[in-house]
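Each remark here refers to the structure printed beneath this line.
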Amino acid sequence: AIVIEVKDVDRAPEFEAIGDITIDEESRLQLALNAADPDGDDVNFTASGFPEDAKFRGDAIDWEPGHDFVALPDNVFARLASRLRITGWFYLDQKVFPVTIKTCGKEKCAEQRIKVTILNVNRAPALNLTRFMELNEGEMATINSTASDPDGDYVSVEYGGKFSKKGKWQTGFSDAGEHEVTVTAYDGDKTIEKEVIVTVNNINREPQFLKLSDQTVGRMRHLLLKWG
């Protein structure tokens, strides 16, 4: 009798192609992994290269990059470049990292290497100020404002109406009334505006008495003085 022994030869799983991935900051990545073993064996998945907060559940990857995942370095040069609006010359507006995903059957494995790109999402600056102001004619009006940016970008502030670049206005005696002033904060990409209502109260001033010059009049003559 002839005995023929056929040994099992394990074959690698067939891994469905994934391809490179591109998402925005604060966008959720939900990646389903699909693979089948030609020998009918169970398959499992592993992944390397994702940040630590990415969640790996069996055959799926779940991850949401935070708003500061793509951020400028915290140094003097980066802050200067932000102030001059030239960060695009030196820094990429995205972050790219390689990821390796592997699936294994009984013995053999198949893997895919992809690139994950996270795009920076710029957020609008914040502008804090007093929305209403009241003063008298002849007084100095000052808008005290503070601006900040959640992404650390440099924020410039501009004042409308008769206000100077420093947010000051020396009112005169013809400025009585209500004035609506637009204050604008700009981070190089996004703008936020707020309105300030400035009320200038009318001040009643004492009349000005014009100086009279000396007059000479003869006898039996009328003296007529005019003013105003």
Side-chain angles (χ1 to χ4, degrees), residues 18-31 33 45-57 60-102 111-131 133 140-169 181-196 198:
I18 300 172
D20 294 338
I21 298 171
T22 300
I23 60 171
D24 293 332
E25 288 179 322
E26 296 189 301
S27 294
R28 191 174 182 182
L29 169 63
Q30 292 179 303
L31 179 61
L33 306 175
F45 299 92
T46 58
S48 61
F50 276 104
E52 294 182 358
D53 57 342
K55 298 176 182 178
F56 189 83
R57 298 188 180 92
I61 297 173
D62 191 351
W63 178 55
E64 183 176 320
H67 62 261
D68 57 352
F69 189 81
V70 183
L72 294 175
D74 186 14
N75 56 48
V76 175
F77 180 79
R79 288 192 290 272
L80 178 61
S82 178
R83 188 181 184 92
L84 297 176
R85 313 296 189 200
I86 56 173
T87 54
W89 295 7
F90 306 99
Y91 303 102
L92 294 176
D93 215 25
Q94 62 185 29
K95 184 178 287 186
V96 182
F97 56 91
V99 170
T100 300
I101 303 175
K102 182 182 292 187
E111 70 175 31
Q112 295 187 50
R113 297 182 179 183
I114 64 172
K115 291 181 179 179
V116 178
T117 302
I118 309 301
L119 303 178
N120 178 59
V121 176
N122 184 51
R123 293 170 293 170
L127 179 61
N128 298 313
L129 45 73
T130 301
R131 303 296 294 272
M133 179 188 309
M140 177 71 75
T142 302
I143 298 178
N144 295 314
S145 64
T146 57
S148 60
D149 188 84
D151 301 309
D153 298 327
Y154 173 75
V155 182
S156 60
V157 179
E158 295 183 355
Y159 304 89
K162 298 179 180 180
F163 281 81
S164 68
K165 294 181 179 180
K166 295 184 178 181
K168 295 182 179 296
W169 171 34
V181 180
T182 301
V183 182
T184 305
Y186 177 61
D187 70 353
D189 177 43
K190 291 189 175 181
T191 298
I192 183 171
E193 294 183 348
K194 288 188 176 182
E195 303 298 328
V196 177
V198 181

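None of these values were measured; they are calculated from a predicted model.
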Report task. Starting from the C-alpha separation in whole Å, work towards a yes-or-no answer on side-chain contact (heavy atoms from CB on, under 4.5 Å) for L29 and I21. Result -> CA-CA 9 Å; L29 169 63; I21 298 171; 3.9 Å; yes
Which side-chain N or O atoms in residues 88-95 pair as donor and acceptor under 3.5 Å with protein atoms at least two apart or in another chain?
| residue | atom | partner | partner atom | Å |
| --- | --- | --- | --- | --- |
| D93 | OD1 | N120 | ND2 | 3.1 |
| K95 | NZ | F69 | O | 3.0 |

State, with a plain yes or no, whether a side-chain heavy atom of [X] is found less than 4.5 Å away from one of [Y].
X	Y	answer
L31	I101	yes
V116	D20	no
I23	P65	yes
T22	L119	yes
V181	I143	yes
V198	F163	yes
D62	R57	yes
L129	R131	yes

Report task. Report yes or no: do Y159 and S145 form a side-chain donor-acceptor pair below 3.5 Å? Result -> yes
Once you round to the nearest 0.5 Å, how far does [atom1] of [X] lie from [atom2] of [Y]?
X	Y	atom1	atom2	answer
L127	S148	CG	OG	9.0 Å
I114	T100	CD1	OG1	9.0 Å
K165	E158	NZ	CD	8.5 Å
T130	N144	OG1	CG	7.0 Å
K102	T46	NZ	OG1	6.0 Å

For [X] against [Y], the heavy-atom pair lying closest together:
X	Y	value
A141	M133	CB-SD, 4.0 Å
S82	L72	CB-CD1, 4.5 Å
I18	Q112	N-OE1, 2.9 Å
A185	A147	CB-CB, 4.5 Å
A47	I61	CB-CD1, 4.0 Å
E25	D68	OE2-C, 3.8 Å

Residue pairs fulfilling salt bridge (Lys or Arg N to Asp or Glu O under 4.0 Å) with at least one residue in [range], sequence neighbours excluded:
range	value
residues 183-193	none
residues 76-90	D74-R79
residues 115-130	R123-D151

Requested in this report: Take F56 and F50 through the test side-chain contact (heavy atoms from CB on, under 4.5 Å) and record every step on the way to the result.
Outcome: CA-CA 10 Å; F56 189 83; F50 276 104; over 6 Å; no
Requested in this report: Say whether, by atom type as modelled, one donor and one acceptor occur between the side chain of D24 and the main chain of S27 under 3.5 angstrom.
Outcome: no
Report task. List in chain and number order the residues that pass side chain to side chain donor-acceptor pair (under 3.5 Å) with K162, two or more places apart in sequence or in another chain; answer none if no residue qualifies. Result -> D175
**Report entry** For W63, all residues meeting side chain to side chain donor-acceptor pair (under 3.5 Å), sequence neighbours excluded
**Finding:** D53
Query raised in the report: What do the steps show when you test K194 against V196 for side-chain contact (heavy atoms from CB on, under 4.5 Å), and what is the final call?
Result: CA-CA 7 Å; K194 288 188 176 182; V196 177; 5.8 Å; no
Query raised in the report: Should V157 and Y186 be marked as a side-chain contact (heavy atoms from CB on, under 4.5 Å) after you check the CA-CA gap, both sets of side-chain angles, and the distance that decides it?
Result: CA-CA 7 Å; V157 179; Y186 177 61; over 6 Å; no
